[in-house]
**Q** 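To start, I am sharing the structure in question, which I have written as structure tokens.
Counting starts at 1 for both ligands and their atoms, following the listed order.
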Amino acid sequence: MLEVEGLGKAYKKKIVLSNVSFSAEPGEIIGLVGENGAGKSTLLNMIATLDKPTSGTIRLNGFDSIGSRKQYRKLIGYVPQDLAIWDSLSVEENMLFFEKLSWVRKEEDALQEICRNLALDHWKEMAGTLSGGQKRKLNLAISLIHEPDLLLLDEPTVGIDMRSKSEIVHYLKQLAIQKNKAILYISHDMDEIKTLCDRLICIGKDPFYRELLQSANQPMLTF
Ligand SMILES: Nc1ncnc2c1ncn2[C@@H]1O[C@H](COP(=O)(O)OP(=O)(O)OP(=O)(O)O)[C@@H](O)[C@H]1O
């Protein structure tokens, strides 16, 4: 499904990633882990087509991320580290707004169901007055409107309470199992990594980090 081959990224003379190769199958949750500044977001951003690789290729269901960008983009959902919601709109208005921007048409009931499945029951409330956890859920719900095959998540549970965190983790697990979605997930939370991820991709050279991750006893690729 997702095939990353020989991927490299340099910013001017600074090499951030080199020769990263891996694949992801439907239903798999893969954790992207490693120390600060290792290049996790850079890798995710290239897969999200927000940044161009210096070398290598990314293909999703046979579509190249550069050559077939339009078709490729329809298959991905991306949740950035920073919230991308409208504070002055209600949850309902946010969902309707982003549905209009999306390439699929969804009835309001279906949009509300996405939120309900995430235990986000604040349909008429202004996004600006939601708790941190509810805002994160709305951010995630928006990325699911067009039912992407591959979900790219950049620390989607950072800084939120344990209940919201556990609801998001439970939801993602169900999404992978029941709807066969592939999920690439950046996290610094060891418990979350152990609970959620089927396998890991460790970016960076810090031996402390690598040893710690090996103790999680999950299949791991290192770059
Ligand atoms: N646009 C850019 N121009 C120059 N350097 C950049 C740019 N984007 C990222 N970098 C550098 O690339 C390296 C990797 O950054 P990246 O944000 O991918 O790391 P990360 O593993 O996601 O870190 P964190 O865990 O702190 O989020 C860093 O040294 C960063 O300064």
Side-chain angles (χ1 to χ4, degrees), residues 2-24 28-60 65-66 69 72-73 76-85 132-133 135-137 139-140 142-143 148 150-162 164-165 168-169 172 182-216 218-223:
L2 174 72
E3 293 159 277
V4 173
E5 251 184 72
L7 207 65
K9 181 69 186 176
Y11 293 107
K12 296 193 174 150
K13 283 186 181 163
K14 182 177 179 179
I15 297 170
V16 177
L17 293 169
S18 57
N19 212 16
V20 175
S21 299
F22 68 94
S23 60
E28 254 193 325
I29 304 182
I30 300 179
L32 283 185
V33 292
E35 70 264 19
N36 288 135
K40 304 177 296 295
S41 297
T42 302
L43 176 58
L44 206 73
N45 287 344
M46 289 193 289
I47 298 172
T49 72
L50 299 172
D51 208 348
K52 272 195 175 162
T54 312
S55 56
T57 57
I58 307 166
R59 293 172 76 79
L60 184 55
S65 67
I66 294 171
R69 199 161 108 134
Y72 176 101
R73 277 191 157 175
I76 55 170
Y78 172 64
V79 181
Q81 219 173 77
D82 299 322
L83 292 167
I85 57 178
K135 284 183 183 176
R136 288 268 158 205
K137 287 179 185 175
N139 216 31
L140 179 58
I142 287 167
S143 77
L150 174 66
L151 201 53
L152 305 167
L153 309 175
D154 198 341
E155 297 192 56
T157 61
V158 74
I160 64 173
D161 65 78
M162 288 191 322
S164 296
K165 200 180 258 201
I168 290 177
V169 165
L172 292 174
I183 299 174
L184 277 188
Y185 190 96
I186 295 181
S187 178
H188 287 288
D189 183 321
M190 204 59 189
D191 285 338
E192 207 172 271
I193 289 165
K194 282 184 184 168
T195 319
L196 190 62
C197 300
D198 300 310
R199 60 192 176 95
L200 304 177
I201 293 174
C202 178
I203 310 284
K205 304 276 179 261
D206 188 336
F208 169 82
Y209 220 92
R210 286 190 177 198
E211 274 169 37
L212 183 72
L213 288 164
Q214 264 149 9
S215 72
Q218 281 158 299
M220 181 165 85
L221 291 172
T222 51
F223 296 101

**Q** So for atom CD, which belongs to Glu5, do other residues, nucleotides or ligands contribute more than 12 heavy atoms lying within a distance under 6.0 Å?
**A** no
**Q** Can you see which heavy atom on Ile186 is nearest to which on Pro156, and at what distance?
**A** O-CD, 4.0 Å
**Q** Within the 3.5 Å criterion, strictly below it, is a donor on Thr49 or Arg69 matched to an acceptor on the partner's side chain?
**A** no
**Q** Are a donor atom and an acceptor atom from the side chains of Ser23 and Glu3 found within less than 3.5 Å of each other?
**A** no
**Q** Atoms of ligand 1 less than 4.0 Å from Glu35 heavy atoms?
**A** 21 (O)
**Q** Measure the spacing between CG of Leu184 and NZ of Lys40 and express it to the nearest 0.5 Å.
**A** 13.5 Å
**Q** Side-chain donor-acceptor pair under 3.5 Å between Asn45 and Tyr78, yes or no?
**A** yes
**Q** Starting from atom 26 (O) of ligand 1, find the nearest protein heavy-atom neighbour and note its residue, name and distance.
**A** Asn36 ND2, 3.0 Å
**Q** Counting non-hydrogen protein atoms only, what is the nearest one to atom 12 (O) of ligand 1? Give residue, atom name and distance.
**A** Val16 CG2, 3.4 Å
**Q** Can you tell me the protein heavy atom closest to atom 19 (O) of ligand 1 and the distance?
**A** Gly39 N, 3.3 Å
**Q** Of all the non-hydrogen atoms in the protein, which one sits nearest to atom 17 (O) of ligand 1, and at what distance?
**A** Ser41 CB, 3.8 Å
**Q** List every atom of ligand 1 that sits less than 4.0 Å from any heavy atom of Lys14, numbering the atoms from 1 in the order shown and giving each element.
**A** 28 (C), 29 (O), 31 (O)
**Q** To check your reading of the model: name the closest protein heavy atom to atom 13 (C) of ligand 1, its residue, and the distance in Å.
**A** Gly37 O, 3.5 Å
**Q** Judged by non-hydrogen atoms, does His188 sit under 4.0 Å from ligand 1?
**A** yes
**Q** Can you tell me which residue and heavy atom of the protein come closest to atom 10 (N) of ligand 1, and the distance to 0.1 Å?
**A** Tyr11 CE1, 3.4 Å
**Q** As a test of understanding, state which of Glu192, Lys165, Arg136 forms a side-chain hydrogen bond (donor to acceptor under 3.5 Å, both in side chains) with Thr157.
**A** Glu192
**Q** Counting each atom of ligand 1 from 1 as listed, which ones have a heavy atom of Lys40 under 4.0 Å away?
**A** 18 (O), 19 (O), 20 (P), 21 (O), 22 (O), 23 (O), 24 (P), 25 (O)
**Q** Taking 4.0 angstrom as the limit and counting only heavy atoms of Thr42, give me the atoms of ligand 1 inside it, by number and element.
**A** 14 (C), 15 (O), 16 (P), 18 (O)
**Q** Please check if atom OH in Tyr11 has more than 12 non-hydrogen atoms from other residues, nucleotides or ligands closer than 6.0 Å.
**A** yes
**Q** Does the residue Gly34 have a heavy-atom contact with ligand 1, meaning some pair of atoms that are separated by less than 4.0 Å?
**A** no
